[in-house]
Amino acid sequence: AALRNQGGAYEESKFYLDSLVTNGTFDNDTTGWTAAVSTLSVVASRLRSTNTGVGGYAYQQIACVIGNTYTVGFEFVKATHNGLFKIGNVANSSLYSSTSLAASGTHSVTFTATTTSVVLTAKTNTIAVGDYTDWDNISVYETDGTDAIHSTPHGYSIKDVYIDGELAREGSAYDYTVHDGYIKPTIAPTATT
């Protein structure tokens, strides 16, 4: 009511902490991801990449700022074979990182961008047709080297913060803290809670 009386716009009082990845949770479909020598499907709310030839994979290209640091989080679920998760660019898919995965688990990789375009590649690390791996909770957040940060416009006063559509709580013991010019989550982006 106070905002309405002042003529303020309610939308301007919200701030969303969004991953740079399009559809990293695979709740409904594979939107945002492209298949290469593979077919993509959603099984148990996870991305399944199934080889249709040698070295099949799923990939997504995201925009980054040169010199900024980013944290990539992902969950690997071993199915018929091992996996390989790469962070790079079009010219070099392993420019920033190449992580071989022999067991299911949650992983996190931090890198500093030297290119404006970054490619995330989730690969089934085998040449056999029909082999597949499952992936979930793929996210990319800008970070200060220890945790994600989200810049805010100069002079912008934050009233409410929403994470994944839910109202978040401010404070070091809760979801985030507000600083001058940025918001920093206190729970790591790859945390399960």
Minimum heavy-atom distance S49-A58, with the two atoms named: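 Residues S49 and A58, closest heavy atoms: OG-N, 3.9 Å.
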For the backbone of [Y] and the side chain of [X], can you confirm whether one donor and one acceptor N or O come within less than 3.5 Å of each other?
{"X": "E75", "Y": "N137", "answer": "no"}
{"X": "E142", "Y": "N68", "answer": "no"}
{"X": "T52", "Y": "S38", "answer": "yes"}
{"X": "S117", "Y": "V90", "answer": "no"}
{"X": "S94", "Y": "K86", "answer": "no"}
{"X": "D134", "Y": "V43", "answer": "no"}
{"X": "Y96", "Y": "T114", "answer": "yes"}
{"X": "T116", "Y": "C64", "answer": "no"}

Partner of T110 by side chain to side chain contact (heavy atoms under 4.5 Å, CB included), out of T69, V72, I87: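 Running side chain to side chain contact (heavy atoms under 4.5 Å, CB included) over T69, V72, I87 with T110 returns exactly one hit, T69.
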Ring geometry between F85 and F74 (parallel below 30°, tilted from 30 to 60°, perpendicular above 60°):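 F74 and F85: parallel rings.
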Taking the side chain as every heavy atom from C-beta outward, state whether [X] and [Y] have any pair of such atoms under 4.5 Å apart.
{"X": "Y141", "Y": "Y70", "result": "no"}
{"X": "S98", "Y": "L84", "result": "yes"}
{"X": "V161", "Y": "I183", "result": "yes"}
{"X": "L95", "Y": "T115", "result": "yes"}
{"X": "K184", "Y": "Y176", "result": "no"}

F111/S97 under side-chain contact (heavy atoms from CB on, under 4.5 Å): CA gap, chis, key distance, verdict: CA-CA 8 Å; F111 70 95; S97 173; over 6 Å; no
ILVMFWY network linking Y57 to V118, side-chain heavy atoms under 4.5 angstrom: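 Unlinked, Y57 and V118 end up in two clusters.
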Qualifying residue, where the test is side-chain hydrogen bond (donor to acceptor under 3.5 Å, both in side chains) with D131 and the options are N51, N125, T126: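 Per the side-chain hydrogen bond (donor to acceptor under 3.5 Å, both in side chains) rule, the option paired with D131 is T126, out of N51, N125, T126.
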Ring centroid separation W33 to Y59 under 6.0 Å: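 Here the rings of Y59 and W33 have centres that are no less than 6.0 Å from each other.
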Separation between [atom1] of [X] and [atom2] of [Y], rounded to the nearest 0.5 Å:
{"X": "I62", "Y": "T22", "atom1": "CD1", "atom2": "OG1", "answer": "9.0 Å"}
{"X": "T124", "Y": "R48", "atom1": "OG1", "atom2": "CZ", "answer": "10.0 Å"}
{"X": "Q60", "Y": "T31", "atom1": "CD", "atom2": "OG1", "answer": "10.0 Å"}
{"X": "F76", "Y": "I138", "atom1": "CZ", "atom2": "CD1", "answer": "11.5 Å"}
{"X": "L101", "Y": "H107", "atom1": "CG", "atom2": "NE2", "answer": "4.5 Å"}
{"X": "T177", "Y": "E170", "atom1": "OG1", "atom2": "CD", "answer": "7.0 Å"}

T30: side-chain contact (heavy atoms from CB on, under 4.5 Å) partners, not counting sequence neighbours: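 By the side-chain contact (heavy atoms from CB on, under 4.5 Å) rule, T30 matches L40, V42, L47.
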side-chain contact (heavy atoms from CB on, under 4.5 Å) assessment of W135 paired with L120: CA-CA 12 Å; W135 306 85; L120 307 176; over 6 Å; no
Derivation of the side-chain contact (heavy atoms from CB on, under 4.5 Å) call for V77 and D136: CA-CA 8 Å; V77 180; D136 201 5; 5.7 Å; no
Stepwise side-chain contact (heavy atoms from CB on, under 4.5 Å) check, T71 with S108: CA-CA 7 Å; T71 295; S108 180; 3.3 Å; yes
